[in-house]
Chemist: 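To start, I am sharing the structure in question, which I have written as structure tokens.
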Amino acid sequence: MSEPDAVVLGSGPNGLAAALTMARAGLRVQVIEGAGEPGGGCRTTELTLPGFAHDVCAAVHPLAAASPFFRSVGLTTHGIRLLTPKVAVAHPLDGGRAGSISGSVAQTASRLGADAGAYRRLMEPLVRDSEAVLKLVLAPLRSWPAELRPAVRFGAEGLLPARLLAARLRTPEGRALLAGLAGHSMRPLSAPLTGAFGLTLMLLAHTTGWPVVEGGSGQLVAAMAAELAELGGSITTGRWIERLDELPAARTVLLDITPRQLLELAGDRLPAGYRRAMRRFRYGPGVCKVDWALDGPVPWTSQTCREAGTVHVGGTIAEVSRSEAEVNAGRHPDRPFCIVAQPGVVDAGRAPAGRQTLWGYCHVPAGSRADMADRIEAQIERFAPGFRDRILARSVRTARDVERYNPDYVGGDITAGAATLRQTIGRPALRWNEYRTPLPGVYLCSASTPPGGGVHGMCGLWAARAALRDLHLHNSGLVSG
Ligand SMILES: Cc1cc2nc3c(=O)[nH]c(=O)nc-3n(C[C@H](O)[C@H](O)[C@H](O)COP(=O)(O)OP(=O)(O)OC[C@H]3O[C@@H](n4cnc5c(N)ncnc54)[C@H](O)[C@@H]3O)c2cc1C
């Protein structure tokens, strides 16, 4: 390619979303990726045995399904199918009981017994205003909400710690469900904003569902890479960048990296105040990830778990809270809260006939070298006796391995920065536009910027819009929003 107009460092979903947004505006774009293939946290590989396709990182895609960026990619045109399990998420308890979310709010409420009314009161207004709420969740906080009432309501409830929000529910099933959803925040459930994680994921379960991608998450990347190629953009893989000045000259540089790497790549070029802000950026705990090849489905005692795409394994709200509190205090829980996905409930093609892949992780202290496979398997076995007998092979990645695989996962933190209150108000730092760095023409576009972790591409989209505005392309009609 002749000299590009824009260079994007890193080809995760946000890097590719930034690249596509720039290319759609008519710019020549080059993406540079250190790993041997594009995709960052959105790749699919045979991690265990031939014929078993495992999602290395992201597997479940309510955020992609809700994302205006991914809607713009025209996934169906590229032959991509999001497959939505009947049960979005289930949460087993001892004795064969389980809470689960599927279908409408009324249908889910009807299975929650004494919590039916409370669940409806919590979710009905959110689902009614889902468009406004999701717009808010997927945008930088500084954008003025289009509709104030739903934003205020969501803000007031979402600010609450999940433990407090769960006090509105009475049944062990209802309370455990909320705890498991809030556990995705990787924060103690007594922390503010953990309620927002629970509510958002519940809302998505009722609106988009929690789909997996037919054939694996890597298909999303393939679709983005194909559109980029059609627009004349290119992706160079296998090239790790250690200093910003190694990048090809370009008018705009978008960085799909986190503050720690920005300091390493550009430290001496950044003003002291911004350097201090980047050093203050906090990462969360890590994960230990396990993938299994199974000779059949997981034998969950509870039928609803057998139909669920995602299963939250960790018992009652008290147990989930304890597990997350221990991790945040730097300890490895004996009975960890585990997030497990079984794409095989909707995507038979992930494994040879009759067999299944299983994906799971638990949170661990940042930088942990601990192999938690035994403890995760013990938790699954607790709710699915006979599970261990179905294991044909497993692949384990400790938090250290996760960071080695992708330097954006500092210490194994899969969300590229803790979801604290401060880092929600300003991510990575308190600035009017968080995507701009003090270096002219250089932008951050990773999950360390708003709206944060997950495969939605919205950090890349918003960063690229800021860059296009600075190039004065916003008057050309090429940039909206
Ligand atoms: C185990 C796990 C499970 C997850 N599950 C889900 C899920 O189910 N659903 C969901 O929505 N999200 C999930 N996530 C989170 C999701 O994967 C990330 O939030 C998302 O990938 C962030 O996208 P990104 O573009 O910001 O960064 P990344 O996807 O992390 O991509 C960054 C890219 O930049 C490259 N890079 C970094 N530094 C350099 C350098 N110096 N030189 C060259 N290249 C560089 C990296 O190699 C990488 O390819 C999961 C993550 C993990 C690890």
Side-chain angles (χ1 to χ4, degrees), residues 7-19 31-43 47 54-67 69-70 89 184 186 201 204 208 210-213 217 220-221 224 235-244 246-247 254-258 260-262 264-266 284 286-291 309-310 339-341 343 359-364 395-399 401-410 412-417 419 444-461 463:
V7 165
V8 179
L9 174 61
S11 67
N14 286 313
L16 291 176
V31 179
I32 296 183
E33 168 58 52
E37 56 170 333
C42 202
R43 301 189 184 110
L47 289 173
H54 299 276
D55 288 326
V56 184
C57 302
V60 186
H61 294 288
L63 290 169
S67 154
F69 168 73
F70 272 103
V89 56
H184 283 251
M186 304 177 85
L201 290 171
L204 288 166
T208 60
W210 284 23
V212 299
V213 182
S217 300
L220 290 178
V221 168
M224 289 190 275
I235 303 177
T236 307
T237 54
R239 187 165 163 208
W240 291 105
I241 297 297
E242 286 172 14
R243 288 195 328 272
L244 270 196
E246 290 170 22
L247 291 170
L254 292 132
L255 303 171
D256 191 4
I257 61 175
T258 82
R260 183 169 301 177
Q261 296 142 280
L262 179 63
E264 284 164 11
L265 265 63
V287 303
C288 176
K289 163 96 187 314
V290 187
D291 289 276
T310 302
I339 298 174
V340 172
W359 169 111
Y361 66 83
C362 72
H363 300 150
V364 289
S395 146
V396 181
R397 281 170 197 235
T398 66
D401 299 331
V402 169
E403 176 172 357
R404 219 170 287 132
Y405 174 74
N406 179 348
D408 279 28
Y409 300 139
V410 175
D413 173 7
I414 65 174
T415 51
L444 277 173
C445 69
S446 73
S448 299
T449 62
V455 173
H456 43 62
M458 293 304 289
C459 313
L461 176 75

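Whatever order the structure lists ligands and atoms in, that order sets their numbers, starting from 1.
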Chemist: Is it the side chain, the backbone, both or neither of Asp256 that has a heavy atom closer than 4.0 Å to ligand 1?
Modeler: both
Chemist: Could you walk me through whether Thr415 and His184 satisfy the side chain to side chain contact (heavy atoms under 4.5 Å, CB included) test, starting with their C-alpha distance in whole Å, then the side-chain angles of each, then the deciding distance to 0.1 Å, before giving a yes or no?
Modeler: CA-CA 10 Å; Thr415 51; His184 283 251; over 6 Å; no
Chemist: Take the angle between the ring planes of Tyr361 and His363 and call it parallel below 30°, perpendicular above 60°, tilted in between.
Modeler: tilted
Chemist: Answer whether the closest heavy-atom distance between the side chains of Gln261 and Pro407 falls below 4.5 Å.
Modeler: yes
Chemist: Below 3.5 Å, N or O to N or O, backbone or side chain included: is there any such pair between Gly41 and ligand 1?
Modeler: yes
Chemist: Using heavy atoms and a threshold below 4.0 Å, how should the contact between Pro13 and ligand 1 be classified: side chain, backbone, both, or neither?
Modeler: both
Chemist: Any non-hydrogen side-chain atom of Lys289 less than 4.5 Å from a side-chain atom of Tyr405?
Modeler: no
Chemist: Between Gly454 and ligand 1, does any nitrogen or oxygen pair lie at a separation below 3.5 Å?
Modeler: yes
Chemist: Measure the distances from the heavy atoms of Cys459 to every atom of ligand 1 and state whether one is below 4.0 angstrom.
Modeler: no
Chemist: Considering distance alone, does some N or O of Gly10 sit under 3.5 Å from an N or O of ligand 1?
Modeler: no
Chemist: Can you list the ligand 1 atoms lying under 4.0 Å from a non-hydrogen atom of Gly12?
Modeler: 25 (O), 28 (P), 29 (O), 31 (O), 33 (C)
Chemist: How does Trp359 reach ligand 1, if at all, at less than 4.0 Å between non-hydrogen atoms: by side chain, backbone, both, or neither?
Modeler: side chain
Chemist: Should Glu403 and Arg260 be marked as a salt bridge (Lys or Arg N to Asp or Glu O under 4.0 Å) after you check the CA-CA gap, both sets of side-chain angles, and the distance that decides it?
Modeler: CA-CA 13 Å; Glu403 176 172 357; Arg260 183 169 301 177; 5.2 Å; no
Chemist: Under 4.5 Å between any side-chain heavy atoms of Met458 and Leu63, yes or no?
Modeler: no
Chemist: Quick test: of every protein heavy atom, which one is nearest to atom 9 (N) of ligand 1, and how far off is it to 0.1 Å?
Modeler: Val60 O, 2.8 Å
Chemist: Enumerate the atoms of ligand 1 whose separation from the nearest heavy atom of Arg43 is less than 4.0 angstrom.
Modeler: 49 (O)
Chemist: To the nearest 0.5 Å, tell me how far Leu247 CG sits from Ile241 CD1.
Modeler: 4.5 Å
Chemist: Any idea which of Asp413, Ile339, Asn406 brings a heavy atom closest to atom 28 (P) of ligand 1?
Modeler: Asn406
Chemist: Among all protein heavy atoms in this structure, tell me which lies nearest to atom 1 (C) of ligand 1, with the distance rounded to 0.1 Å.
Modeler: Lys289 CD, 3.6 Å
Chemist: Carefully, step by step, assess Val287 and Tyr409 under the rule side chain to side chain contact (heavy atoms under 4.5 Å, CB included).
Modeler: CA-CA 10 Å; Val287 303; Tyr409 300 139; over 6 Å; no
Chemist: Record the part of Asp408 in heavy-atom contact with ligand 1 below 4.0 Å; permitted values are side chain, backbone, both and neither.
Modeler: side chain
Chemist: Given side chains that start at C-beta, do those of Val7 and Leu254 come closer than 4.5 Å, heavy atoms only?
Modeler: no
Chemist: Check whether any side-chain heavy atom of Phe69 lies under 4.5 Å from a side-chain heavy atom of Pro13, and answer yes or no.
Modeler: no
Chemist: Using a 4.0 Å heavy-atom threshold (strictly under), name the region of Glu246 that reaches ligand 1: side chain, backbone, both or neither.
Modeler: neither
Chemist: Among all protein heavy atoms in this structure, tell me which lies nearest to atom 14 (N) of ligand 1, with the distance rounded to 0.1 Å.
Modeler: Ala58 CB, 3.8 Å
Chemist: Would you mind listing which atoms of ligand 1 come within a distance below 4.0 Å of any non-hydrogen atom of Ala447?
Modeler: 26 (O)
Chemist: Geometry only, no angles: is Val56 polar-contacting ligand 1 at N/O separations under 3.5 Å?
Modeler: no
Chemist: Please work out whether any backbone atom (N, CA, C, O) or any side-chain heavy atom from C-beta onward of Asp55 is under 4.0 Å from ligand 1, and answer side chain, backbone, both or neither.
Modeler: neither
Chemist: Considering only the protein, which heavy-atom contact is closest to atom 43 (C) of ligand 1, and what is its distance?
Modeler: Gly34 N, 3.1 Å
Chemist: Answer yes or no: is there a side-chain heavy-atom contact under 4.5 Å between Ser446 and Ile257?
Modeler: no
Chemist: So is Pro407 touching ligand 1 or not, going by heavy atoms under 4.0 Å?
Modeler: yes
Chemist: The test is side chain to side chain contact (heavy atoms under 4.5 Å, CB included); show your working for Asp256 and Glu33 and say whether it passes.
Modeler: CA-CA 10 Å; Asp256 191 4; Glu33 168 58 52; over 6 Å; no
Chemist: Using a 4.0 Å cutoff against the non-hydrogen atoms of Gly453, which atoms of ligand 1 qualify?
Modeler: 19 (O)
Chemist: Any donor-acceptor pair under 3.5 Å linking the side chain of Asn14 with the backbone of Cys459?
Modeler: yes
Chemist: Among all protein heavy atoms, pick out the one at the shortest distance from atom 35 (C) of ligand 1; state its residue, atom name and that distance to 0.1 Å.
Modeler: Glu33 OE1, 3.4 Å
Chemist: Please determine whether side chain to side chain contact (heavy atoms under 4.5 Å, CB included) holds for the pair Leu220 and Leu16, giving the CA-CA distance in whole Å, both sets of side-chain angles, and the decisive distance to 0.1 Å.
Modeler: CA-CA 10 Å; Leu220 290 178; Leu16 291 176; over 6 Å; no
Chemist: State the atoms of ligand 1, each with its element, that fall below the 4.0 Å cut-off from a heavy-atom position in Ser446.
Modeler: 26 (O)
Chemist: What are the atoms of ligand 1, with element, lying closer than 4.0 Å to any heavy atom of Gln261?
Modeler: 37 (C), 38 (N)
Chemist: Nearest to atom 53 (C) of ligand 1, what protein heavy atom do you find, and at what distance?
Modeler: Ile414 CG2, 3.2 Å
Chemist: Restricting to side-chain contact (heavy atoms from CB on, under 4.5 Å), what partner residues turn up for Ala65, sequence neighbours left out?
Modeler: Leu82, Thr208, Pro211
Chemist: If we only count heavy atoms from C-beta on, is the Val89 to Val60 side-chain gap below 4.5 Å?
Modeler: no
Chemist: Show me which atoms of ligand 1 lie under 4.0 Å from any heavy atom of Gly15.
Modeler: 25 (O)
Chemist: Got a donor-acceptor contact below 3.5 angstrom from the Trp359 side chain to the Val56 backbone?
Modeler: no
Chemist: Any side-chain heavy atom of Asp408 within less than 4.5 Å of one from Thr258?
Modeler: yes
Chemist: Which residue supplies the protein heavy atom nearest to atom 45 (C) of ligand 1, what is that atom called, and how far is it?
Modeler: Trp240 CZ3, 3.5 Å
Chemist: Tell me whether ligand 1 is touched by Ala59 - counting only heavy atoms on the residue side and a distance under 4.0 Å.
Modeler: yes
Chemist: Can you tell me the protein heavy atom closest to atom 41 (N) of ligand 1 and the distance?
Modeler: Ile241 O, 2.9 Å
Chemist: As an exercise, identify every atom of ligand 1 less than 4.0 angstrom from a heavy atom of Gly40.
Modeler: 29 (O), 31 (O), 48 (C), 49 (O)
Chemist: What do we get for Arg239 next to ligand 1 when only non-hydrogen atoms under 4.0 Å count, side chain, backbone, both or neither?
Modeler: backbone
